Novice: 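Have a look at this one before I ask anything.
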Amino acid sequence: MADIVRSVKGTRDFYPDEMAVRRWMFDIIRDVSTRFGYQEFDGPCLEFIDLYAAKSGEELVKEQAFVFSSPGDDMLTLRPELTPTLARMVAQRQYEIPMPLRWWSIGPFWRYENPQRGRTREFFQWNIDLVGTEAVAADAEIVAVAASFLKETGLSSDQVQIFVNNRRLMDDALSTINIAKELRHDVFKVVDKLDKLSEKEWRAYALEIGLTEGQVDGLLNLVNDQDLFMKSDELVEFFELIKIFGVEDYVTYSPKVIRGLDYYTGTVFEAFELGGASRAILGGGRYDNLVSDVGGNRLPGVGFAMGDVVIELVLRDAGVIPEKLGHKPQVLVTVFDETMLPESLKIAEEIRMAGYRAAVYPEADKLGKQFKYADKLDISVAVILGPDELNENLVAVKNLKTRDQVTIGRSELIKQIEKFLPSLP
RNA sequence: GUGCCUGUAGCUCAAUGGUUAGAGCGCCUCACUGUGGAUGAGGAGGUUGAGGGUUCGACCCCCUUCAGGCACCCCA
């Protein structure tokens, strides 16, 4: 055992049970994305480091990306996020792609961080973007997609909420309490920290970046004003539209949501598990310059990203992951002895043609062992074909759940299996 | 990058510094050569993460190192 080469730190093995959960989540993501008219796309997992130098947060590339030189001495990186790739792909065909474009993607990403609960070094991320429009309806649609996903997984609006704010509104509001423009970037960071620090620590942090006591008080009033959104025509319209999308239960205004990243310009939002850990399930917002950094013309858009690790924890905690996932065989065809193997194979093929998942025990062995095997795989039906049955053109079918066994004519086989398999999972 | 905690059988864990490191579960065999979950009997499986030190004696104490977990940082 000690000789088995271990897996790379921060990566995960997906055994069939875990893979089934991942498949289930990804299927919901695909269903929701495509239902809203989004097209799937993907880029390479390897990119030149230059792609990220311009745009992403400094720390993301310098300290959190897997960077290495290729045998040809190119500086490459395993993609830590999708947006720069999306920006490049859009810029390359900026005047060919019909705008606005609706694209979505799910794939692996890598960040060199210390793994802990809810965070790995290799993870999957769902990205979805609506690019080429500044319409508020686009913002509402993207949030509606996020809400629809959460709803579809079985999470209730008591368990999860999407909090929405607007950077422009916050900018105006900060002006009313006389916070200088140069401080905005830092102030956004301060607001972002609000729920992560104690009030005392938070106040100290706010003062440290250069705010006065009066400004800190003003800021506190601001971020506790649940009606602040009424001062923003954009947000008023946004929430009207959210009602029409039918997801208003899942969406709330919050002046505390601001997002750390610099490139957001308008609507910003984050989904949180309520009551549980306060880590964001997904986050996104409106940006004005998707492609200008990679050499395109100004192109506004709105989108969000969701990692698979946190959402899976939330889904697990909420107990909404279905019990029986995956595609184990439904029927095991036993092999009585070596001479019977061809007949068993024939029967299995017959069952498959009828649309059931059937596996043949691959060799002749004690029936008890074969049953035990079926048991461990949670297979519900076994087919037994011995010399007695073969001589009279019969076959025995056993319901492993109820222990009922019947011997019937070969032509009745499928009908009997149907009786024993109540519903297709 | 920083801090804290933990490494003993496949898994979950025991074992005052003192014989040959144990248990439950799991695994294999048999009771049961045409029938599984139960029961009983037997069996396999360990360089106690690795290296060094202290000691008459180390799973236990000390140092180093590796790995894992958690938290900070940052973010999905």
Side-chain angles (χ1 to χ4, degrees), chain A residues 1-12 25 29 56-65 79-83 105-128 146 189 192-193 196-197 201 205 259-262 269-273 277-285 303-314 332 334-337 340 361 364-391 394-407:
Chain A
M1 194 59 206
D3 291 337
I4 296 177
V5 176
R6 63 173 180 277
S7 58
V8 174
K9 183 172 182 160
T11 63
R12 293 167 293 168
M25 285 198 313
I29 288 169
S56 302
E58 287 282 293
E59 181 165 351
L60 188 59
V61 174
K62 283 190 178 159
E63 285 164 36
Q64 295 187 351
R79 60 180 185 186
E81 60 163 336
L82 188 66
T83 304
S105 178
I106 192 158
F109 295 86
W110 294 265
R111 288 184 196 174
Y112 194 80
E113 295 190 279
N114 265 339
Q116 58 192 272
R117 187 172 170 79
R119 193 167 65 191
T120 58
R121 286 183 174 178
E122 180 179 66
F123 56 97
F124 289 89
Q125 198 179 64
W126 174 29
N127 283 264
I128 186 160
K189 280 200 149 177
D192 198 45
K193 292 269 184 220
K196 295 166 188 164
L197 300 174
E201 288 168 324
Y205 180 48
R259 312 270 306 143
L261 298 173
D262 279 340
F269 57 93
E270 272 175 351
F272 284 96
E273 179 183 21
S278 65
R279 206 194 304 271
I281 295 168
L282 61 86
F304 70 83
M306 182 187 81
D308 72 312
V309 185
V310 171
I311 185 66
E312 193 185 322
L313 286 177
V314 173
L332 180 76
T334 59
V335 177
F336 189 83
D337 60 35
M340 303 298 288
Y361 201 89
D365 207 333
K366 284 185 192 171
L367 278 181
K369 206 172 168 189
Q370 299 189 41
F371 277 100
K372 206 167 186 175
Y373 174 75
D375 221 32
K376 282 178 189 164
L377 257 59
D378 199 33
I379 296 172
S380 334
V381 173
V383 174
I384 305 103
L385 188 71
D388 299 347
E389 285 87 1
L390 187 65
N391 286 338
L394 297 171
V395 63
V397 183
K398 181 163 186 171
N399 185 333
L400 292 168
K401 303 294 178 190
T402 63
R403 298 190 168 218
D404 295 334
Q405 181 171 332
V406 292
T407 302

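As the structure is a prediction and not an experimental result, all values here were calculated from the model. So you know, we letter chains A, B, ... as the sequences are listed, proteins then strands, and number each from 1.
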Novice: A/D375 has an atom CG; how far is it from atom P of B/G26, in whole Å?
Specialist: 13 Å

Novice: For A/Y373 and B/C28, what is the distance between atoms OH and P respectively, to the nearest whole Å?
Specialist: 13 Å

Novice: Determine the interatomic distance between C1' on B/A15 and the same-named atom on B/C27; round to the nearest Å.
Specialist: 24 Å

Novice: Do we count A/F123 as stacking onto B/A76 if the rule is ring centres under 5.5 Å and planes under 30°?
Specialist: yes

Novice: Distance check needed: B/C73 P versus A/R117 CZ, whole Å only.
Specialist: 18 Å

Novice: Mind checking the P distance from B/C61 to B/G24? Whole angstroms is fine.
Specialist: 27 Å

Novice: Specify the separation, in whole Å, of atom CG of A/L400 and atom P of B/G36.
Specialist: 11 Å

Novice: Specify the separation, in whole Å, of atom CZ of A/R403 and atom C1' of B/A38.
Specialist: 8 Å

Novice: Whether the A/Q125 and A/N127 side chains hold a donor-acceptor pair (N or O, under 3.5 Å, no angle test) is what I'd like checked.
Specialist: yes

Novice: Please confirm whether the shortest side-chain N or O distance from A/Q116 to OP1 or OP2 of B/G69 is below 4.0 Å.
Specialist: no

Novice: Treating A/Q370 as the side-chain partner and A/D365 as the backbone partner, does any N or O pair qualify as donor plus acceptor under 3.5 Å?
Specialist: yes

Novice: Give each stem of RNA chain B as a range with a range, requiring at least 3 consecutive Watson-Crick or G-U wobble pairs whose two distances are under 3.5 Å.
Specialist: B:1-7 with B:66-72, B:10-13 with B:22-25, B:27-31 with B:39-43, B:49-53 with B:61-65

Novice: Between B/G10 and B/A44, how many Å separate the two C1' atoms, rounded to a whole number?
Specialist: 12 Å

Novice: Could I get a table of every N or O pair under 3.5 Å where one atom is in the protein and the other is in nucleotides 29-33 of chain B?
Specialist:
from: B/C30; atom 1: OP1; to: A/K366; atom 2: NZ; distance (Å): 3.3
from: B/C30; atom 1: OP2; to: A/K366; atom 2: NZ; distance (Å): 3.4

Novice: Roughly how many Å apart are B/U48 and B/G7, using the C1' atom of each and rounding to a whole number?
Specialist: 9 Å

